[in-house]
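Here's the structure, in structure tokens; my notes come after.
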Amino acid sequence: MIIAIDGPAGAGKSTVAKIIAQRLGFLYIDTGAMYRALALKVLEIGLDLKDISKIIEISFNTNIELVNNKDGSLKLLLDGRVVNEEIREPRITKIVSDIAKIKEVRQVMLVLQRKLGLQGDSVLDGRDIGTVVFPDADKKFYIDAYFKERVKRRHLEFSGLGRQVNYNDVELDLHNRDTIDSTREVAPLKKAPDAIYIDTTNMTIEEVVGAILKNISIKR
């Protein structure tokens, strides 16, 4: 079974998808983390974000692996190196949408995401899982929240990681990401027609998890 969870940044997709995967005993695939890993490599190499051809070349020569640990956590390997913490830094958040909007990069990631998802029962979260990556997913959900609430969550996330980030900067970055994600030419962020819409603005994580699980029937 393939469960697709899409939605904008800060809506709670990754947190919820991870819990759902744990509860069901499924693989969890954080597709956004894959783009973040590539963005990290681009920064470490010192590439100009305008050098699209070089970024495309790098994407073809980068090894990105997702490993589900027994405790339900996810280990992300970039060319064999664990980069779970680095990819969550504000400098990555600031440029990841610019990397993800490149058509050829998305094609590379698409192949990898489908390969991972078809390994077994999986929960994938991202921007285009239910529309492009797995348009025939067994279950599709679109997780959303009011903009101000998403900004607050993202700011709290950074604070929880011990990073001092200005609230207004978070708000601006999230606005820019929303604009890029929803207007890009290839695989823009949008709700699949058959996806179940969940507004998480006034919901707890457990309430969102419950709303999703009640719509999933597993045959053992």
Check your understanding: Hey, which of Lys148, Lys152, Arg177 is the one that makes salt bridge (charged side-chain N to carboxylate O under 4.0 Å, His left out) with Glu171?
Key -> Lys148
Practice item. Using the side-chain contact (heavy atoms from CB on, under 4.5 Å) rule, take Leu24 and Ile3 through it: C-alpha gap first, then chi angles, then the decisive distance, then the call. Key: CA-CA 11 Å; Leu24 299 177; Ile3 299 173; 3.7 Å; yes
Review point. So does Arg127 pair up with Asp181, basic N to acidic O under 4.0 Å?
Key: yes
**Study point:** Check: Pro8 main-chain N/O paired with Lys13 side-chain donor or acceptor under 3.5 Å
**Key:** yes
Study note, to complete from the structure: Distance col, row Ile129:CD1 vs Ser122:OG, nearest 0.5 angstrom, shows 11.0 Å
Practice item. For Leu172, look at atom CG and say whether over 12 heavy atoms of other residues, nucleotides or ligands are found less than 6.0 Å away. Key: yes
Check your understanding: What pairs with Leu77 under side-chain contact (heavy atoms from CB on, under 4.5 Å), at least two apart in sequence or on another chain?
Key -> Glu65, Val67, Lys75, Val82
Exercise for review: Flag yes if Val209 and Met1 sit in one hydrophobic cluster, no otherwise; membership is Ile, Leu, Val, Met, Phe, Trp, Tyr, and two members link when side-chain heavy atoms are under 4.5 Å apart.
Suggested key: yes
**Study point:** Under-4.0 Å salt bridge between Arg153 and Glu157
**Key:** no
Exercise for review: Supply the atom-to-atom distance Ile20 CD1 to Asp125 CG, rounded to the nearest 0.5 angstrom.
Suggested key: 11.5 Å
Review point. Any salt bridge between Arg81 and Glu86, counting N to O under 4.0 Å?
Key: yes
Check your understanding: Could Arg23 and Glu206 be called an ion pair, given the rule that one side-chain N must be under 4.0 Å from one carboxylate O?
Key -> yes
Practice item. Examine distances only and state if a side-chain atom of Asp144 and a backbone atom of Asp199 form a donor-acceptor pair shorter than 3.5 Å. Key: no
Revision key, fill the gap. Rounded to the nearest 0.5 angstrom, the CG-OG1 distance for Leu116 and Thr31 is 10.5 Å
Point to revise | From CA spacing to verdict: side-chain contact (heavy atoms from CB on, under 4.5 Å), Thr93, Arg154 | key: CA-CA 10 Å; Thr93 299; Arg154 185 50 54 89; 4.2 Å; yes
Review point. Can you tell me if CG on Asp48 sees more than 12 non-hydrogen neighbours from other groups inside 6.0 Å?
Key: yes
Exercise for review: Check whether more than 12 heavy atoms from other residues, nucleotides or ligands sit under 6.0 Å from atom OH of Tyr146, and answer yes or no.
Suggested key: no
Exercise for review: Find out if a path of hydrophobic residues (ILVMFWY) with successive side-chain heavy-atom gaps under 4.5 Å connects Leu27 to Ile2.
Suggested key: no
Check your understanding: Hey, quick one: are Val96 and Ile55 part of the same hydrophobic cluster, counting side-chain heavy atoms closer than 4.5 Å, chains of contacts allowed?
Key -> yes
**Study point:** Under-4.0 Å salt bridge between Asp6 and Lys140
**Key:** no
**Study point:** Spatial distance of atom NZ (Lys41) from atom CD1 (Ile99) [nearest 0.5 Å]
**Key:** 12.5 Å
For residues 105-115, please give each side-chain donor-acceptor pair under 3.5 Å, one per line with the distance, not counting sequence neighbours.
| residue | atom | partner | partner atom | Å |
| --- | --- | --- | --- | --- |
| Arg106 | NH1 | Ala100 | O | 2.7 |
| Arg106 | NH2 | Asp128 | OD1 | 3.3 |
| Arg106 | NH2 | Asp128 | OD2 | 2.9 |
| Arg114 | NE | Val133 | O | 2.8 |
| Arg114 | NH2 | Val132 | O | 2.9 |

Practice item. Return the orientation label for the Tyr167 and His155 ring planes: parallel under 30°, perpendicular over 60°, tilted otherwise. Key: perpendicular
Check your understanding: If you measure from CZ on Arg36 to OG on Ser97, what distance do you get to the nearest 0.5 Å?
Key -> 8.5 Å
Review point. Does Arg150 use its side chain to pair, donor to acceptor, with the backbone of Ala9 at less than 3.5 Å?
Key: yes
Exercise for review: Spell out, yes or no, whether Val170 and Leu156 are grouped together once hydrophobic residues are joined by side-chain heavy atoms under 4.5 Å, including indirect joins.
Suggested key: no
